[in-house]
**Student:** 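For reference, the structure I am asking about is given below.
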Amino acid sequence: QVQLVESGGGLVQAGGSLRLSCTTSGRTFSTYGRSWFRQAPGKEREFVAAISGNGESTSYADSVKGRFTISRDSAKSTLYLQMNSLKPEDTAVYYCAATRYRGTYYTARDYHYWGQGTQVTVSS
């Protein structure tokens, strides 16, 4: 059974940092494009960041550009999201996702596997 499991969420003050991780089981996802999405209460799920299957290409939403960094480890089985200079508007449930395609994709329908999410709350 394929599973993606997020961790690292929590409560942090504005200006602080968190590092999210997404581990996988049941499949290596070594060549799969990976991404982070988030969903705030009452809002639709939105794209945050993506990384290509070979790790050479990344893409970010304008709202997080310069503050968040997406990366994957050498074995390409774990995905990370380093979040710095956090703002209250970053508060959301963060989801990791994987696609069988190798590029970077921005819409949820392009992703085939999803984690259950981890809550990030930024206080002002």
**Student:** Under a 4.5 Å cut-off applied to non-hydrogen side-chain atoms, are V120 and M83 in contact?
**Tutor:**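 Result yes, sub-4.5 Å side-chain heavy-atom pair found.
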**Student:** Do side-chain atoms of Q13 reach the backbone of S123 as a donor and acceptor pair under 3.5 angstrom?
**Tutor:**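 The answer is no, because no donor-acceptor pair under 3.5 Å joins these two groups.
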**Student:** Side chain of R102, backbone of G53: donor and acceptor closer than 3.5 Å?
**Tutor:** no
**Student:** Check this for me: Q119, atom CD, are more than 12 non-hydrogen atoms of other residues, nucleotides or ligands nearer than 6.0 Å?
**Tutor:**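 Correct, the count exceeds 12.
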**Student:** Which value, rounded to the nearest 0.5 Å, describes the distance between F47 atom CZ and S35 atom OG?
**Tutor:**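 So the CZ of F47 and the OG of S35 are separated by 6.5 Å.
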**Student:** Answer yes or no: is there a side-chain heavy-atom contact under 4.5 Å between V64 and R38?
**Tutor:** yes
**Student:** Quick one: does F37's side chain get under 4.5 Å of V93's, heavy atoms only?
**Tutor:** no
**Student:** When rounded to the nearest 0.5 angstrom, what distance separates CG in L20 from OG in S7?
**Tutor:**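 The distance works out to 8.0 Å.
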**Student:** Backbone N or O of P88 within a donor-acceptor pair of the S124 side chain at under 3.5 Å?
**Tutor:** no
**Student:** Between Y101 and H112, what is the ring plane arrangement, given parallel below 30°, perpendicular above 60°, and tilted in between?
**Tutor:**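 Plane angle over 60°, so perpendicular.
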**Student:** More than 12 heavy atoms of other residues, nucleotides or ligands under 6.0 Å from NZ of K65: is that the case?
**Tutor:**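 Yes, NZ of K65 has more than 12 neighbouring heavy atoms, counting only those of other groups under 6.0 Å.
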**Student:** Taking R72 for the side chain and G33 for the main chain, is one N or O donor matched with an acceptor at less than 3.5 Å?
**Tutor:** no
**Student:** Would you give the length of the straight line joining atom OH of Y111 to atom OH of Y106, rounded to the nearest 0.5 angstrom?
**Tutor:**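 If I round to the nearest 0.5 Å, the distance is 8.5 Å.
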**Student:** What's the separation between atom OG1 in T58 and atom CZ in F68, rounded to the nearest 0.5 Å?
**Tutor:**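 Answer for the OG1-CZ pair, T58 versus F68, is 14.0 Å.
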**Student:** For Y113, is the OH atom crowded, meaning more than 12 foreign heavy atoms sit under 6.0 Å from it?
**Tutor:**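 Enclosed: over 12 neighbouring heavy atoms sit under 6.0 Å from OH of Y113.
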**Student:** Only one of L81, V48, T104 forms a side-chain contact (heavy atoms from CB on, under 4.5 Å) with I70, so which one is it?
**Tutor:** L81
**Student:** Enter the distance from W114:CH2 to Y95:OH here, rounded to the nearest 0.5 Å.
**Tutor:** 9.0 Å
**Student:** Are the side chains of E89 and S63 in touch, meaning some heavy atoms are under 4.5 Å apart?
**Tutor:**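 Contact flag for E89/S63 side chains = no.
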**Student:** Does the side chain of L4 reach to within under 4.5 Å of the side chain of L79, using non-hydrogen atoms?
**Tutor:**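 With C-beta onward as the side chain, the pair stays apart.
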**Student:** Do any N or O atoms from the side chain of T91 and from the backbone of V122 form a donor-acceptor pair under 3.5 angstrom?
**Tutor:** yes
**Student:** With no hydrogens and no angle check, is any side-chain donor or acceptor of E6 less than 3.5 Å from a backbone partner on T118?
**Tutor:** no
**Student:** Taking atom CD of Q82 and atom CG of L18, what is their separation to the nearest 0.5 Å?
**Tutor:**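 Those atoms lie 8.5 Å apart.
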